[in-house]
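Each residue takes its place number in the sequence, starting with 1. We use all heavy atoms of the structure for the numbers below, so side chains are in, but hydrogens, waters and symmetry mates are not. When a ligand or atom number is given, it counts from 1 through the structure's own listing order.
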Amino acid sequence: MTTTVIILAAGKGTRMRSNLPKVLQPLAGRPLLGHVIETAKKLQAANIITIYGHGGDLVRNAFNQEKIEWVEQTEQLGTGHAVKVTLPVLAKEGVSLILSGDVPCVQQSTLQKLVEASTETGIGLVTLTLEDSTGYGRIVRKNGKIQAIVEHKDATEEQRQIKEINTGIYCVSNAKLHEWLPKLSNENAQGEYYLTDIVAMAIADGMEIASIQPEFAFEVEGVNDRIQLAALEREFQQHQAKTLMQQGVHLIDPSRFDLRGQLTVGKDVRIDINVIIEGECSFGDNVEIGAGCIIKNTQIAANTKVQPYSVFDSAVVGGNVQIGPFARLRPGAQLSDDVHIGNFVEVKNSSIGLGSKANHFAYLGDAEIGSGSNIGAGTITCNYDGANKHKTIIGDEVFIGTNNSLVAPVKIGNGATTGAGSTITRDVAEHALAVERSQQFTKENYQRPQKVKK
Ligand code: UD1
Ligand code: CA
(Lines give C-alpha, C1' and ligand atoms only; values in the text may rest on other atoms or scores of the structure.)
(Ligands and ions follow the chains in the order given, each with its own letter.)
Protein backbone atom coordinates (compact mmCIF):
# COMPACT_ATOMS: atom_id res chain seq x y z
CA MET A 1 0.00 0.00 0.00
CA THR A 2 1.37 3.44 -0.89
CA THR A 3 1.89 5.84 1.97
CA THR A 4 1.79 9.61 1.69
CA VAL A 5 3.16 11.75 4.49
CA ILE A 6 1.32 15.02 5.11
CA ILE A 7 3.10 17.52 7.37
CA LEU A 8 1.18 20.45 8.86
CA ALA A 9 3.50 23.43 9.06
CA ALA A 10 1.44 26.52 8.28
CA GLY A 11 0.93 27.79 11.84
CA LYS A 12 2.54 31.00 12.95
CA GLY A 13 4.12 30.07 16.26
CA THR A 14 3.34 33.45 17.83
CA ARG A 15 4.56 32.35 21.25
CA MET A 16 8.12 31.80 20.01
CA ARG A 17 8.40 35.61 19.67
CA SER A 18 10.76 35.17 16.77
CA ASN A 19 11.29 36.46 13.24
CA LEU A 20 12.04 32.87 12.27
CA PRO A 21 8.98 30.71 11.49
CA LYS A 22 8.44 28.17 14.28
CA VAL A 23 9.13 25.09 12.15
CA LEU A 24 12.58 26.51 11.29
CA GLN A 25 13.65 26.85 14.94
CA PRO A 26 16.48 24.40 15.58
CA LEU A 27 16.36 21.33 17.77
CA ALA A 28 19.72 19.55 18.05
CA GLY A 29 21.05 21.80 15.28
CA ARG A 30 18.33 20.95 12.75
CA PRO A 31 15.04 22.81 12.05
CA LEU A 32 11.99 21.26 13.71
CA LEU A 33 10.48 20.56 10.30
CA GLY A 34 13.79 19.01 9.18
CA HIS A 35 13.45 16.30 11.84
CA VAL A 36 9.95 15.44 10.61
CA ILE A 37 11.11 15.37 6.97
CA GLU A 38 14.05 13.07 7.88
CA THR A 39 11.67 10.65 9.58
CA ALA A 40 9.24 10.83 6.64
CA LYS A 41 12.11 9.95 4.28
CA LYS A 42 13.02 6.90 6.36
CA LEU A 43 9.45 5.64 5.90
CA GLN A 44 10.04 5.65 2.14
CA ALA A 45 6.76 7.43 1.59
CA ALA A 46 5.61 7.72 -2.02
CA ASN A 47 5.12 11.44 -1.51
CA ILE A 48 5.78 14.02 1.21
CA ILE A 49 3.30 16.89 1.17
CA THR A 50 4.07 19.86 3.39
CA ILE A 51 1.48 22.51 4.12
CA TYR A 52 3.07 25.88 4.61
CA GLY A 53 1.74 29.36 5.20
CA HIS A 54 3.47 31.54 7.75
CA GLY A 55 7.08 32.24 6.79
CA GLY A 56 6.18 31.19 3.24
CA ASP A 57 9.24 31.06 1.04
CA LEU A 58 11.62 31.03 4.01
CA VAL A 59 10.24 27.63 4.97
CA ARG A 60 10.30 26.27 1.40
CA ASN A 61 13.80 27.54 0.68
CA ALA A 62 15.19 25.89 3.80
CA PHE A 63 14.33 22.53 2.22
CA ASN A 64 14.85 23.15 -1.48
CA GLN A 65 17.21 20.14 -1.69
CA GLU A 66 14.39 17.83 -0.61
CA LYS A 67 11.80 16.12 -2.79
CA ILE A 68 8.70 17.67 -1.24
CA GLU A 69 5.35 18.69 -2.60
CA TRP A 70 4.53 22.10 -1.10
CA VAL A 71 0.93 23.20 -0.66
CA GLU A 72 0.19 26.69 0.53
CA GLN A 73 -2.52 27.38 3.08
CA THR A 74 -2.94 31.12 2.75
CA GLU A 75 -5.30 31.45 5.72
CA GLN A 76 -4.92 29.27 8.80
CA LEU A 77 -8.51 28.15 9.30
CA GLY A 78 -7.66 25.06 11.34
CA THR A 79 -5.98 21.66 11.10
CA GLY A 80 -8.87 20.16 9.08
CA HIS A 81 -8.68 23.01 6.58
CA ALA A 82 -4.90 22.53 6.35
CA VAL A 83 -5.27 18.91 5.25
CA LYS A 84 -8.19 19.86 2.99
CA VAL A 85 -5.97 22.14 0.89
CA THR A 86 -3.85 19.08 -0.05
CA LEU A 87 -6.83 17.24 -1.64
CA PRO A 88 -6.12 18.46 -5.20
CA VAL A 89 -2.69 16.79 -5.05
CA LEU A 90 -3.50 13.90 -2.72
CA ALA A 91 -3.68 10.38 -4.21
CA LYS A 92 -7.10 8.72 -4.14
CA GLU A 93 -5.75 5.39 -2.96
CA GLY A 94 -3.35 4.35 -0.20
CA VAL A 95 -3.08 5.98 3.22
CA SER A 96 -1.70 9.23 4.61
CA LEU A 97 0.33 9.67 7.74
CA ILE A 98 -0.54 13.10 9.09
CA LEU A 99 2.22 14.73 11.17
CA SER A 100 2.92 18.16 12.65
CA GLY A 101 5.97 20.21 11.76
CA ASP A 102 6.24 21.29 15.39
CA VAL A 103 6.26 17.73 16.81
CA PRO A 104 9.79 16.88 15.71
CA CYS A 105 10.82 13.77 17.63
CA VAL A 106 8.33 11.14 16.53
CA GLN A 107 10.24 7.95 15.75
CA GLN A 108 10.04 5.89 12.60
CA SER A 109 9.14 2.77 14.63
CA THR A 110 6.10 4.49 16.18
CA LEU A 111 4.83 5.57 12.77
CA GLN A 112 5.32 2.09 11.34
CA LYS A 113 3.37 0.69 14.27
CA LEU A 114 0.59 3.20 13.55
CA VAL A 115 0.43 2.30 9.85
CA GLU A 116 0.22 -1.42 10.71
CA ALA A 117 -2.48 -0.85 13.32
CA SER A 118 -4.53 1.26 10.87
CA THR A 119 -4.32 -1.09 7.88
CA GLU A 120 -7.53 -2.96 8.69
CA THR A 121 -9.54 -0.12 10.18
CA GLY A 122 -8.62 2.59 7.64
CA ILE A 123 -8.01 5.11 10.44
CA GLY A 124 -5.73 5.18 13.46
CA LEU A 125 -4.26 7.63 15.96
CA VAL A 126 -1.29 7.98 18.24
CA THR A 127 -2.59 8.77 21.71
CA LEU A 128 -0.83 9.37 25.00
CA THR A 129 -1.92 9.17 28.61
CA LEU A 130 -0.86 12.27 30.52
CA GLU A 131 -1.16 13.20 34.19
CA ASP A 132 -1.99 16.75 33.10
CA SER A 133 -3.95 16.70 29.85
CA THR A 134 -4.93 20.41 29.93
CA GLY A 135 -5.11 22.03 26.52
CA TYR A 136 -5.09 18.86 24.45
CA GLY A 137 -7.86 17.18 22.51
CA ARG A 138 -9.30 14.38 24.69
CA ILE A 139 -9.92 10.83 23.47
CA VAL A 140 -13.50 9.87 24.27
CA ARG A 141 -14.00 6.09 24.54
CA LYS A 142 -17.07 3.90 25.04
CA ASN A 143 -16.58 0.27 26.04
CA GLY A 144 -12.89 0.84 25.32
CA LYS A 145 -13.54 1.97 21.74
CA ILE A 146 -12.72 5.48 20.51
CA GLN A 147 -15.84 7.53 19.81
CA ALA A 148 -14.55 11.06 19.25
CA ILE A 149 -11.85 13.61 19.94
CA VAL A 150 -13.08 16.62 21.88
CA GLU A 151 -10.95 19.74 21.94
CA HIS A 152 -10.19 21.17 25.39
CA LYS A 153 -12.17 24.33 24.65
CA ASP A 154 -15.22 22.34 23.54
CA ALA A 155 -15.03 19.70 26.28
CA THR A 156 -17.43 19.31 29.20
CA GLU A 157 -16.08 19.28 32.76
CA GLU A 158 -16.41 15.50 32.74
CA GLN A 159 -14.53 15.15 29.43
CA ARG A 160 -11.76 17.38 30.74
CA GLN A 161 -10.98 14.71 33.35
CA ILE A 162 -9.90 12.34 30.55
CA LYS A 163 -6.14 11.78 30.62
CA GLU A 164 -5.78 10.16 27.21
CA ILE A 165 -4.98 12.82 24.64
CA ASN A 166 -4.73 13.20 20.88
CA THR A 167 -1.08 13.68 19.84
CA GLY A 168 -2.08 15.05 16.42
CA ILE A 169 -0.53 12.08 14.58
CA TYR A 170 -2.91 10.09 12.39
CA CYS A 171 -2.98 7.45 9.69
CA VAL A 172 -6.04 7.73 7.44
CA SER A 173 -7.22 6.17 4.19
CA ASN A 174 -6.90 8.70 1.37
CA ALA A 175 -10.28 7.74 -0.05
CA LYS A 176 -11.85 8.68 3.29
CA LEU A 177 -9.94 11.99 3.50
CA HIS A 178 -11.37 12.89 0.07
CA GLU A 179 -14.83 12.00 1.33
CA TRP A 180 -14.72 13.57 4.80
CA LEU A 181 -12.69 16.77 4.59
CA PRO A 182 -15.09 18.72 2.32
CA LYS A 183 -17.80 18.02 4.92
CA LEU A 184 -16.01 19.54 7.95
CA SER A 185 -17.70 22.43 9.66
CA ASN A 186 -16.28 25.16 11.86
CA GLU A 187 -19.11 25.32 14.33
CA ASN A 188 -17.09 24.94 17.51
CA ALA A 189 -15.54 26.99 20.31
CA GLN A 190 -12.63 28.20 18.14
CA GLY A 191 -14.49 28.66 14.84
CA GLU A 192 -11.91 26.40 13.18
CA TYR A 193 -12.13 23.43 10.86
CA TYR A 194 -10.95 20.66 13.18
CA LEU A 195 -9.17 17.67 11.66
CA THR A 196 -10.15 15.79 14.81
CA ASP A 197 -13.79 15.75 13.64
CA ILE A 198 -12.94 13.01 11.12
CA VAL A 199 -12.98 10.58 14.05
CA ALA A 200 -16.70 11.14 14.62
CA MET A 201 -17.26 10.86 10.85
CA ALA A 202 -15.49 7.49 10.82
CA ILE A 203 -17.70 6.28 13.66
CA ALA A 204 -20.78 7.47 11.73
CA ASP A 205 -19.51 5.38 8.78
CA GLY A 206 -19.39 2.34 11.08
CA MET A 207 -15.58 2.25 11.20
CA GLU A 208 -13.43 1.33 14.14
CA ILE A 209 -10.56 3.65 15.18
CA ALA A 210 -7.21 1.99 15.83
CA SER A 211 -4.86 3.58 18.37
CA ILE A 212 -1.31 3.09 19.57
CA GLN A 213 0.89 4.84 22.12
CA PRO A 214 4.47 5.94 21.40
CA GLU A 215 7.41 4.16 23.04
CA PHE A 216 8.62 7.45 24.58
CA ALA A 217 6.50 10.45 25.59
CA PHE A 218 8.99 12.98 24.15
CA GLU A 219 8.24 11.63 20.66
CA VAL A 220 4.87 13.37 20.61
CA GLU A 221 5.73 16.55 22.51
CA GLY A 222 5.07 19.70 20.54
CA VAL A 223 6.93 23.00 20.61
CA ASN A 224 4.95 26.19 21.12
CA ASP A 225 7.42 28.44 22.96
CA ARG A 226 11.12 28.59 23.77
CA ILE A 227 10.64 26.97 27.16
CA GLN A 228 9.14 23.88 25.53
CA LEU A 229 11.84 24.00 22.84
CA ALA A 230 14.62 23.92 25.46
CA ALA A 231 12.86 21.21 27.46
CA LEU A 232 12.44 19.03 24.37
CA GLU A 233 16.06 19.64 23.36
CA ARG A 234 17.16 18.18 26.73
CA GLU A 235 14.83 15.19 26.42
CA PHE A 236 16.06 14.52 22.90
CA GLN A 237 19.69 14.81 24.00
CA GLN A 238 19.11 12.47 26.95
CA HIS A 239 17.57 9.97 24.55
CA GLN A 240 20.57 10.18 22.20
CA ALA A 241 22.94 9.91 25.16
CA LYS A 242 21.17 6.75 26.34
CA THR A 243 21.36 5.23 22.88
CA LEU A 244 25.12 5.90 22.76
CA MET A 245 25.64 4.45 26.24
CA GLN A 246 23.74 1.34 25.14
CA GLN A 247 26.25 1.13 22.27
CA GLY A 248 29.09 1.12 24.80
CA VAL A 249 30.09 4.79 25.03
CA HIS A 250 31.23 6.03 28.42
CA LEU A 251 29.60 9.43 28.85
CA ILE A 252 30.92 10.97 32.05
CA ASP A 253 27.68 12.94 32.42
CA PRO A 254 24.85 12.30 29.94
CA SER A 255 23.13 15.51 31.02
CA ARG A 256 26.10 17.52 29.77
CA PHE A 257 26.40 16.00 26.30
CA ASP A 258 25.12 17.41 23.01
CA LEU A 259 24.92 15.61 19.69
CA ARG A 260 23.69 17.74 16.81
CA GLY A 261 23.88 15.17 14.04
CA GLN A 262 25.10 11.59 13.80
CA LEU A 263 27.87 9.88 15.73
CA THR A 264 29.17 6.42 14.87
CA VAL A 265 31.25 4.80 17.59
CA GLY A 266 33.56 1.86 18.29
CA LYS A 267 33.96 0.29 21.72
CA ASP A 268 34.97 2.07 24.92
CA VAL A 269 34.79 5.60 23.57
CA ARG A 270 34.98 7.99 26.50
CA ILE A 271 33.50 11.48 26.36
CA ASP A 272 33.98 14.00 29.15
CA ILE A 273 31.51 16.76 30.01
CA ASN A 274 30.29 19.64 27.82
CA VAL A 275 31.33 18.15 24.52
CA ILE A 276 29.36 19.21 21.42
CA ILE A 277 29.36 16.91 18.41
CA GLU A 278 27.94 18.21 15.15
CA GLY A 279 27.23 16.86 11.65
CA GLU A 280 28.54 13.41 10.78
CA CYS A 281 31.29 12.15 13.09
CA SER A 282 32.85 8.79 13.82
CA PHE A 283 35.10 7.75 16.72
CA GLY A 284 37.03 4.46 16.73
CA ASP A 285 37.65 2.15 19.71
CA ASN A 286 39.06 3.76 22.86
CA VAL A 287 38.88 7.32 21.54
CA GLU A 288 38.86 9.80 24.43
CA ILE A 289 37.41 13.29 24.12
CA GLY A 290 38.28 15.79 26.84
CA ALA A 291 35.91 18.30 28.37
CA GLY A 292 34.56 21.17 26.31
CA CYS A 293 35.59 19.94 22.86
CA ILE A 294 33.53 20.90 19.79
CA ILE A 295 33.82 18.35 17.02
CA LYS A 296 32.11 18.69 13.65
CA ASN A 297 32.12 16.40 10.60
CA THR A 298 35.29 14.65 11.76
CA GLN A 299 36.51 11.06 11.77
CA ILE A 300 38.83 9.96 14.56
CA ALA A 301 40.49 6.53 14.45
CA ALA A 302 41.09 4.19 17.40
CA ASN A 303 43.08 5.05 20.53
CA THR A 304 43.33 8.77 19.81
CA LYS A 305 43.15 11.12 22.78
CA VAL A 306 41.80 14.64 22.45
CA GLN A 307 42.57 16.92 25.37
CA PRO A 308 40.06 19.52 26.61
CA TYR A 309 38.80 22.53 24.65
CA SER A 310 39.88 21.44 21.21
CA VAL A 311 37.78 22.48 18.19
CA PHE A 312 37.66 20.38 15.01
CA ASP A 313 35.82 20.98 11.76
CA SER A 314 35.92 18.61 8.79
CA ALA A 315 39.15 16.85 9.78
CA VAL A 316 40.38 13.28 9.45
CA VAL A 317 42.39 12.08 12.43
CA GLY A 318 44.37 8.84 12.49
CA GLY A 319 44.81 6.35 15.28
CA ASN A 320 46.84 6.78 18.47
CA VAL A 321 47.05 10.53 17.88
CA GLN A 322 47.39 13.02 20.74
CA ILE A 323 45.77 16.42 20.32
CA GLY A 324 45.30 19.50 22.46
CA PRO A 325 44.40 20.96 24.85
CA PHE A 326 43.25 24.01 22.86
CA ALA A 327 44.04 22.61 19.42
CA ARG A 328 42.15 23.64 16.31
CA LEU A 329 41.69 21.46 13.25
CA ARG A 330 40.09 23.24 10.33
CA PRO A 331 38.68 21.81 7.09
CA GLY A 332 41.12 19.59 5.23
CA ALA A 333 43.30 18.77 8.24
CA GLN A 334 44.51 15.17 7.86
CA LEU A 335 46.56 13.65 10.63
CA SER A 336 48.17 10.22 10.16
CA ASP A 337 48.61 7.73 12.99
CA ASP A 338 50.78 8.64 16.03
CA VAL A 339 50.79 12.37 15.28
CA HIS A 340 51.05 14.83 18.20
CA ILE A 341 49.33 18.21 17.95
CA GLY A 342 49.74 20.33 21.06
CA ASN A 343 48.22 23.44 22.58
CA PHE A 344 47.40 26.43 20.40
CA VAL A 345 48.26 24.64 17.19
CA GLU A 346 46.00 25.37 14.20
CA VAL A 347 46.00 23.01 11.23
CA LYS A 348 44.17 23.86 8.00
CA ASN A 349 44.12 21.99 4.69
CA SER A 350 47.30 20.16 5.60
CA SER A 351 48.42 16.56 5.84
CA ILE A 352 50.70 15.49 8.64
CA GLY A 353 52.54 12.18 8.24
CA LEU A 354 53.03 9.25 10.59
CA GLY A 355 54.40 10.21 13.99
CA SER A 356 55.14 13.87 13.17
CA LYS A 357 54.76 16.42 15.95
CA ALA A 358 53.79 20.06 16.35
CA ASN A 359 53.50 20.37 20.08
CA HIS A 360 53.19 24.08 20.82
CA PHE A 361 51.82 27.30 19.22
CA ALA A 362 51.89 26.87 15.45
CA TYR A 363 49.94 27.57 12.27
CA LEU A 364 50.14 24.86 9.66
CA GLY A 365 48.13 25.88 6.59
CA ASP A 366 48.30 24.38 3.08
CA ALA A 367 51.20 22.19 4.17
CA GLU A 368 52.27 18.64 3.39
CA ILE A 369 54.39 17.23 6.16
CA GLY A 370 56.05 13.81 5.91
CA SER A 371 56.59 11.29 8.68
CA GLY A 372 58.75 11.58 11.79
CA SER A 373 59.18 15.35 11.47
CA ASN A 374 59.20 17.83 14.33
CA ILE A 375 57.75 21.32 13.99
CA GLY A 376 59.20 23.70 16.58
CA ALA A 377 57.12 25.89 18.86
CA GLY A 378 55.85 29.07 17.26
CA THR A 379 56.30 27.95 13.66
CA ILE A 380 54.12 29.60 11.04
CA THR A 381 53.60 28.47 7.46
CA CYS A 382 53.23 31.80 5.65
CA ASN A 383 50.78 30.43 3.09
CA TYR A 384 49.14 33.68 1.98
CA ASP A 385 50.89 36.48 0.11
CA GLY A 386 47.89 38.78 0.29
CA ALA A 387 46.47 37.52 -2.99
CA ASN A 388 47.09 33.79 -3.34
CA LYS A 389 47.66 30.73 -1.17
CA HIS A 390 50.85 28.67 -1.54
CA LYS A 391 52.06 25.31 -0.31
CA THR A 392 54.74 24.39 2.19
CA ILE A 393 56.17 20.93 1.61
CA ILE A 394 58.14 19.37 4.44
CA GLY A 395 59.71 15.91 3.99
CA ASP A 396 60.32 13.03 6.41
CA GLU A 397 62.48 13.31 9.54
CA VAL A 398 62.70 17.11 9.20
CA PHE A 399 63.50 19.27 12.22
CA ILE A 400 62.02 22.77 12.05
CA GLY A 401 63.53 24.93 14.81
CA THR A 402 61.33 27.04 17.04
CA ASN A 403 59.79 30.26 15.85
CA ASN A 404 60.32 29.67 12.15
CA SER A 405 58.45 31.47 9.38
CA LEU A 406 58.23 29.17 6.37
CA VAL A 407 57.39 31.47 3.47
CA ALA A 408 55.43 29.46 0.87
CA PRO A 409 55.86 28.20 -1.74
CA VAL A 410 58.79 26.44 -0.11
CA LYS A 411 60.13 22.88 0.17
CA ILE A 412 62.17 21.42 3.01
CA GLY A 413 63.89 18.14 2.00
CA ASN A 414 63.98 14.88 3.97
CA GLY A 415 66.20 14.98 7.03
CA ALA A 416 66.80 18.75 6.77
CA THR A 417 67.13 21.03 9.80
CA THR A 418 66.30 24.71 10.19
CA GLY A 419 67.69 26.91 12.97
CA ALA A 420 65.53 28.56 15.59
CA GLY A 421 64.11 31.94 14.58
CA SER A 422 64.67 31.45 10.86
CA THR A 423 62.56 32.97 8.10
CA ILE A 424 62.89 30.37 5.38
CA THR A 425 62.17 31.77 1.92
CA ARG A 426 64.15 29.33 -0.24
CA ASP A 427 64.00 25.54 -0.56
CA VAL A 428 66.24 23.57 1.80
CA ALA A 429 67.97 20.48 0.37
CA GLU A 430 67.75 17.02 1.97
CA HIS A 431 69.88 16.68 5.10
CA ALA A 432 71.02 20.36 4.93
CA LEU A 433 70.96 22.87 7.81
CA ALA A 434 69.43 26.26 7.02
CA VAL A 435 69.81 29.12 9.49
CA GLU A 436 68.52 32.58 8.71
CA ARG A 437 69.20 35.05 11.50
CA SER A 438 71.78 37.72 12.27
CA GLN A 439 74.92 36.94 14.27
CA GLN A 440 74.70 37.50 18.00
CA PHE A 441 76.47 40.62 19.26
CA THR A 442 77.84 40.49 22.82
CA LYS A 443 79.30 43.31 24.94
CA GLU A 444 81.09 42.13 28.08
CA ASN A 445 80.37 43.79 31.47
CA TYR A 446 77.60 45.91 30.07
CA GLN A 447 76.29 48.73 32.32
CA ARG A 448 72.56 49.40 32.00
CA PRO A 449 71.49 53.08 31.96
CA GLN A 450 70.77 54.38 35.48
CA LYS A 451 67.65 56.27 36.47
CA VAL A 452 68.35 60.00 36.77
CA LYS A 453 67.58 61.31 40.29
CA LYS A 454 65.82 64.69 40.47
C1 UD1 B 1 -4.22 19.92 17.84
C2 UD1 B 1 -5.40 18.95 17.92
C3 UD1 B 1 -5.53 18.44 19.37
C4 UD1 B 1 -4.24 17.79 19.79
C5 UD1 B 1 -3.07 18.74 19.60
C6 UD1 B 1 -1.78 17.99 19.83
C7 UD1 B 1 -7.01 19.83 16.32
C8 UD1 B 1 -8.31 20.54 16.14
N9 UD1 B 1 -6.60 19.66 17.56
O10 UD1 B 1 -4.53 21.03 18.64
O11 UD1 B 1 -6.58 17.49 19.42
O12 UD1 B 1 -4.34 17.38 21.14
O13 UD1 B 1 -3.04 19.24 18.24
O14 UD1 B 1 -0.69 18.87 19.82
O15 UD1 B 1 -6.43 19.40 15.34
N16 UD1 B 1 -1.77 24.12 11.47
C17 UD1 B 1 -1.80 24.46 10.14
N18 UD1 B 1 -2.84 25.20 9.67
C19 UD1 B 1 -3.87 25.58 10.46
C20 UD1 B 1 -3.83 25.21 11.81
C21 UD1 B 1 -2.78 24.48 12.30
O22 UD1 B 1 -0.87 24.14 9.39
O23 UD1 B 1 -4.78 26.23 9.93
C24 UD1 B 1 -0.65 23.34 11.97
C25 UD1 B 1 0.15 24.04 13.05
O26 UD1 B 1 1.21 24.78 12.46
C27 UD1 B 1 0.66 22.88 13.88
C28 UD1 B 1 -0.42 21.82 13.75
O29 UD1 B 1 -1.15 22.17 12.60
O30 UD1 B 1 1.85 22.37 13.36
C31 UD1 B 1 -1.34 21.75 14.98
O32 UD1 B 1 -2.02 22.96 15.11
P33 UD1 B 1 -2.29 23.64 16.52
O34 UD1 B 1 -2.97 24.92 16.30
O35 UD1 B 1 -1.05 23.64 17.32
O36 UD1 B 1 -3.34 22.60 17.12
P37 UD1 B 1 -3.72 22.44 18.63
O38 UD1 B 1 -4.69 23.47 19.01
O39 UD1 B 1 -2.51 22.29 19.44
CA1 CA C 1 -0.18 22.66 19.14
Side-chain angles (χ1 to χ4, degrees), residues 5-16 18 20-25 27 31-37 40 49-56 59-60 70-86 96-106 125-130 132-140 146-155 159-160 162-170 172 177 180-181 184-201 209 211 213-214 217-225 228-229 232:
V5 174
I6 299 176
I7 306 173
L8 277 68
K12 189 165 176 198
T14 314
R15 282 176 282 167
M16 296 301 293
S18 175
L20 198 63
K22 178 163 79 175
V23 292
L24 294 186
Q25 301 285 340
L27 180 102
L32 297 177
L33 180 54
H35 286 269
V36 184
I37 290 170
I49 303 174
T50 305
I51 303 141
Y52 73 107
H54 269 280
V59 175
R60 283 187 66 152
W70 295 95
V71 176
E72 190 174 9
Q73 185 195 21
T74 44
E75 265 188 300
Q76 280 71 59
L77 303 179
T79 50
H81 179 259
V83 181
K84 194 172 125 183
V85 298
T86 72
S96 284
L97 265 174
I98 304 175
L99 312 177
S100 282
D102 60 355
V103 181
C105 296
V106 63
L125 326 169
V126 180
T127 72
L128 184 68
T129 307
L130 284 181
D132 178 10
S133 54
T134 312
Y136 288 98
R138 308 300 206 285
I139 305 293
V140 179
I146 297 178
Q147 298 301 306
I149 300 173
V150 181
E151 290 306 292
H152 181 93
K153 286 184 180 149
D154 300 288
Q159 287 168 331
R160 286 185 183 176
I162 298 171
K163 296 199 184 316
E164 189 185 9
I165 61 110
N166 170 30
T167 64
I169 298 169
Y170 318 80
V172 192
L177 287 174
W180 293 330
L181 294 176
L184 287 177
S185 100
N186 62 353
E187 281 160 30
N188 51 51
Q190 303 185 81
E192 286 181 8
Y193 295 91
Y194 290 165
L195 180 59
T196 46
D197 286 351
I198 63 173
V199 168
M201 290 177 170
I209 319 285
S211 73
Q213 296 229 340
F218 83 95
E219 290 185 58
V220 295
E221 275 167 29
V223 172
N224 295 306
D225 58 30
Q228 288 175 345
L229 180 61
L232 188 56

Atom indices of ligand 1 within 4.0 angstrom of [X] heavy atoms, with elements:
X	answer
Thr167	6 (C)
Tyr136	6 (C), 12 (O)
Gly137	3 (C), 4 (C), 11 (O), 12 (O)
Ala9	22 (O)
Asp102	27 (C), 30 (O)

Select one of side chain, backbone, both or neither to describe which atoms of [X] lie under 4.0 Å from any atom of ligand 1, heavy atoms only.
X	result
Glu192	neither
Ala10	both
Val23	neither
His81	neither
Val103	neither

Any side-chain heavy atom of [X] within less than 4.5 Å of one from [Y]?
X	Y	answer
Leu184	Tyr194	no
Asn188	Lys153	no
Val199	Leu125	yes

Any N/O of [X] closer than 3.5 Å to an N/O of ligand 1?
X	result
Leu8	yes
Thr196	no
Gly78	yes
Gly168	no
Thr79	yes
Ala82	no

Exam field: side chain Thr167 to backbone Val126, donor-acceptor pair closer than 3.5 Å: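 Indeed, once roles are kept as given, a pair shorter than 3.5 Å links the two residues.
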Asp197 side-chain N/O to Met201 backbone N/O, donor-acceptor pair under 3.5 Å: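 Such a contact is absent between Asp197 side chain and Met201 backbone.
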Quick check: closest heavy atoms across [X] and [Y], and the distance to 0.1 Å?
X	Y	value
Pro214	Val220	CG-CG1, 3.9 Å
Ile51	Ala82	CD1-O, 3.4 Å
Arg138	Ile162	NE-O, 3.2 Å
Leu32	Asp102	CD1-CA, 4.5 Å

From Gln213, Lys163, Glu164, residue fulfilling side chain to side chain donor-acceptor pair (under 3.5 Å) relative to Thr129: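 Considering Gln213, Lys163, Glu164, a side chain to side chain donor-acceptor pair (under 3.5 Å) with Thr129 is found only for Gln213.
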Steps toward side-chain contact (heavy atoms from CB on, under 4.5 Å) verdict (Ile149, Ile139): CA-CA 5 Å; Ile149 300 173; Ile139 305 293; 4.0 Å; yes
Closest to atom 1 (C) of ligand 1 among Glu75, Glu151, Lys153, Gln73 (heavy-atom distance):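 Looking at heavy atoms only, Glu151 sits closest to atom 1 (C) of ligand 1.
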